[in-house]
> 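Could you have a look at this structure, given as structure tokens, before my questions?
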Amino acid sequence: MEEDVDFRIRFSSLCFITDHVGFRGTIKSSPSDFVVIEIDEQGQLVNKAIDDPVYKISKVQPEPNNFAKKTKLDLQNLSFEERSNQEVSTLAGCSDDDQNHQSRSEKEDTVKDRASKGEEGKVDIISSLLDERTNELLNQFAGDVKEKWSSKTELIGPSPEFSLGRILDKNQRAILHSAIRQKFPFLVTVGKNSEIFVKPNLEYKELCHLVSEEEAFDFFKYLDAKKENSRFTFKPDTNKDHRKAVHHFVNKKFGNLVETKSFPGLNYNASNPNVVITVRFREKVHKHRKRSLVECPEGKVIHTAFTLRKENLEMFEAVGFLAIKLGVIPSDFSYAGLKDKKAITYQAMVVRKVTPERLKNIEKEIEKKRMKVFNIHSVEDSLRLGQLKGNHFDIVIRNLKNQINDSANLKERILEAIENVKSKGFVNYYGPQRFGMGRKVHTDQIGLALLKSEMVKAVKLFLTPEDLDNPVNRAKKYFLQTEDAKGTLSLMPELKVRERALLESLHRFGVTEEGCIQAWFSLPHSMRIFYVHAYSSKIWNEAVSYRLATYGSRVVEGDLVCLDEDVDDEHFPNSKVHLVTEEEESANSYAIHQVVLPVLGYNIQYPKNKVGQWYQEILSRDGLQTYRLHLKLRSSASGSPSRVTHGGRISAELPD
């Protein structure tokens, strides 16, 4: 099939299991020539309408506007993301219905009337909610923590904690969480089963190593108050390296919530280079977070499932556009797999913190971007990669021709090819879309750099331009020439979500090894592992070609075979894999369609023949070792075998 000369060159070493002459043609002449429909775990095509309309859901999911009319204290009773059933007070996120009170200031309007009258107000609130003895012990605990820190004594063993006891009323817990943090910014509060624990705030202690305790005290009070459009300014500082350390600390710990900038201080001049660091809340994150609170009813994060139809649109660009329209971030979306760009694709998706009604409201807006959403309904949880049965393809092949020097009837050649695939199957190669459409840089190259912990190289490969004159490539070219992340951001189109997320982090943390690590983690998990998977897919393709070139279609000693004939999945566990013995080879016990090869990962079994040796040699060629893969891939995917060949289930319509 002809699609791109560059791809033909890159895939020219692939081997096949038959010597059929075949024919030539062109695929993807237009997106409508390549239709991909996801098949869910129940074996259903996701483009089919479901019986559960969105209107049924509205009876159990209140409108967002109803939440907005509630007081902020009511909003506090909406839950935040659970973290191991015990949540330390944090600056963002959702937890269960107790731990949400750790959010440092959603209560500010409600608490304001009772707790904004200086420290006396805080004392009165705490005294009114705690008995005299508990209040006395709390003050003693706070004093002990400060005393140990002042004496430079390191705390040995687990961090000390003090229980305030169980407080059953959620509103009272919310108020108490906030009041304690305002009075004692060097402490954090932890909620567990209606009980509140108080612990030392180690981030406070860390900041005290960089600035005065007075500044640290005021800074954490500022964070907790979270007043919109407010700013906090550290004392003037003439030491550039020291300012850099403060910037780094604040951005590393709280970069998802606030941003820092340096400004000349009063009487700034060459002899008095005073510079102040100003902190302010990130407007977009703050707004998104409010929305997530609004749409978390009854202590549970909303998950809305839908089918996405997109045309000639990259997957991540589609997700980025939807995120902007819905006021969430790309990582709030989950899906079972990536789909082609130059195609019409249908796939199941789930978005967090968005009601079905809100998603339905943007239908007309997204049609302009060649997208459509339907089958909208509520679900309990997100999707995960691989949570599908497979994909159904409708492919149109145009410009049909005989192979060079083949004089046979073209129609007969095509029918022969179809029957050949039906009877003998085909090699289960990963296709070109797995490796990207770029000519200069392919996704597997980025994946290899990540596996080798070459983070700066990975980022620069990601931002390498193609030889095309458009805004995206001009922005990338500027970055490689200057490493000016801020300037590149001003050039990069808004809809390039991945590139902009990376550049924003590089601007915040710098184009250093550490900065590039932070930048890479600014991308959603599914995007990050895509590149590692691309490298392992490339190695798998090469392994299959080597296997077929070395042993052909016969099954030999040391091969891995799948014993379960009913397994249709592309990947399956090691427990279903068997190592072929010498006796089984002699008896021709297995067929080529049962042979599997491992996809790189941890805890995998390699063939015990020349193919297994080839894996070790190829990893060594690329500067990797098995033990290193074990460490690097553990956070992304375990290794699993994948079939060398697939049986064909093909139908075709031929021109007259």
Side-chain angles (χ1 to χ4, degrees), residues 89-92 103-105 108 112 116 118-119 122 146 149-150 152 178 181-188 201-287 289 482-490 500 503-512 514-516 518-519 522:
S89 295
T90 56
L91 301 177
S103 158
R104 295 189 178 234
S105 82
E108 66 182 73
K112 191 181 294 182
S116 62
E119 291 306 314
K122 301 293 181 300
K146 288 297 294 292
W149 284 356
S150 299
K152 311 296 182 185
S178 182
R181 288 192 308 272
Q182 281 290 307
K183 183 181 180 184
F184 306 113
F186 52 89
L187 300 177
V188 292
N201 184 346
L202 300 181
E203 291 171 345
Y204 179 97
K205 182 183 180 184
E206 189 175 344
L207 182 59
C208 285
H209 292 155
L210 295 172
V211 300
S212 68
E213 185 172 352
E214 178 187 1
E215 290 174 279
F217 190 93
D218 291 341
F219 173 72
F220 276 90
K221 289 187 67 173
Y222 162 79
L223 285 181
D224 186 68
K226 209 182 282 90
K227 293 180 181 177
E228 200 165 352
N229 299 321
S230 64
R231 296 170 183 255
F232 176 84
T233 301
F234 287 100
K235 292 179 180 178
D237 190 348
T238 60
N239 188 318
K240 184 176 180 180
D241 289 337
H242 182 260
R243 293 197 305 271
K244 187 175 180 180
V246 175
H247 276 294
H248 181 74
F249 171 84
V250 175
N251 284 308
K252 182 178 179 181
K253 300 292 185 182
F254 315 109
N256 63 327
L257 187 69
V258 298
E259 59 183 350
T260 61
K261 288 189 176 179
S262 293
F263 297 96
L266 293 174
N267 304 319
Y268 176 89
N269 55 52
S271 60
N272 183 35
N274 274 334
V275 174
V276 295
I277 297 174
T278 296
V279 184
R280 68 174 184 181
F281 289 102
R282 293 183 178 277
E283 185 177 354
K284 287 184 179 179
V285 173
H286 193 57
K287 287 180 179 177
R289 189 162 178 273
T482 64
E483 293 190 0
D484 176 12
K486 184 178 181 181
T488 309
L489 264 174
S490 66
R500 291 189 64 84
L503 289 166
E504 285 173 358
S505 289
L506 292 174
H507 172 51
R508 192 186 313 165
F509 299 111
V511 189
T512 61
E514 177 65 26
C516 288
Q518 295 289 344
S522 70

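Note that the structure is predicted; figures quoted are calculated from it, not measured.
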> From E259 CD over to H507 NE2, what is the distance, rounded to the nearest 0.5 angstrom?
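Going from the CD atom of E259 to the NE2 atom of H507 covers 8.0 Å.
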> Looking at S212 and K235, what are the two nearest heavy atoms and their distance?
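In this case the closest contact between S212 and K235 is OG-NZ, 3.9 Å.
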> Can you tell me how far apart CD (Q518) and OG1 (T512) are? Round to the nearest 0.5 Å.
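Between atom CD of Q518 and atom OG1 of T512 there are 9.0 Å.
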> Show the nearest heavy-atom pair for residues V258 and N251, with the distance to one decimal.
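Reported closest heavy-atom pair: O-OD1, 4.2 Å.
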> For I277 versus R243, what's the shortest heavy-atom pair and its separation?
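So the two residues come closest at CD1-O, 3.6 Å.
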> Ignoring hydrogens, what is the shortest heavy-atom contact between A216 and C208? Give both atom names and the distance.
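Reported closest heavy-atom pair: CB-SG, 3.7 Å.
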> NZ of K221 to CZ of R181: how many Å apart, nearest 0.5 Å?
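Separation between the atoms: 13.0 Å.
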> How far does CD of E215 sit from OG1 of T233, to the nearest 0.5 angstrom?
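Reported value, rounded in 0.5 Å steps: 10.5 Å.
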> Measuring from D224:CG to Q182:CD, what's the distance to the nearest 0.5 Å?
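These two atoms lie 4.5 Å from each other.
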> Sequence neighbours left out, what passes ring pair (Phe, Tyr, Trp, His ring centres under 6.0 Å) with Y222? Give chain and number order.
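Ring pair (Phe, Tyr, Trp, His ring centres under 6.0 Å) list for Y222, sorted by chain: F232, F281.
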> With a 4.5 Å heavy-atom cut-off, do F234 and V279 have their side chains touching?
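Yes. Closest side-chain heavy atoms under 4.5 Å.
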> For T488, which residues count as a side chain to side chain donor-acceptor pair (under 3.5 Å) partner, sequence neighbours excluded?
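None.
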> Parallel, tilted or perpendicular: which one describes the rings of H248 and F509, with boundaries at 30° and 60°?
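Answer is perpendicular, since the angle exceeds 60°.
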> Identify the two heavy atoms, one from A485 and one from L503, that lie closest to each other, and give their separation to 0.1 Å.
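Closest approach of A485 to L503: CB-O, 3.6 Å.
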> Who passes salt bridge (charged side-chain N to carboxylate O under 4.0 Å, His left out) against R500, sequence neighbours left out?
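Partners of R500 by the salt bridge (charged side-chain N to carboxylate O under 4.0 Å, His left out) criterion, ordered by chain and then number, come out as E494.
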> Assign the ring pair F220 / F254 to parallel, tilted or perpendicular, where the plane angle (0 to 90°) is split at 30° and 60°.
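Because their plane-to-plane angle is over 60°, the rings of F220 and F254 count as perpendicular.
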> If you take all heavy atoms of L506 and G515, which pair is closest and at what distance?
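Closest approach of L506 to G515, heavy atoms only: CD2-O, 4.2 Å.
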> Distance check, rounded to the nearest 0.5 Å: F217 atom CZ versus L207 atom CG?
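If I round to the nearest 0.5 Å, the distance is 13.0 Å.
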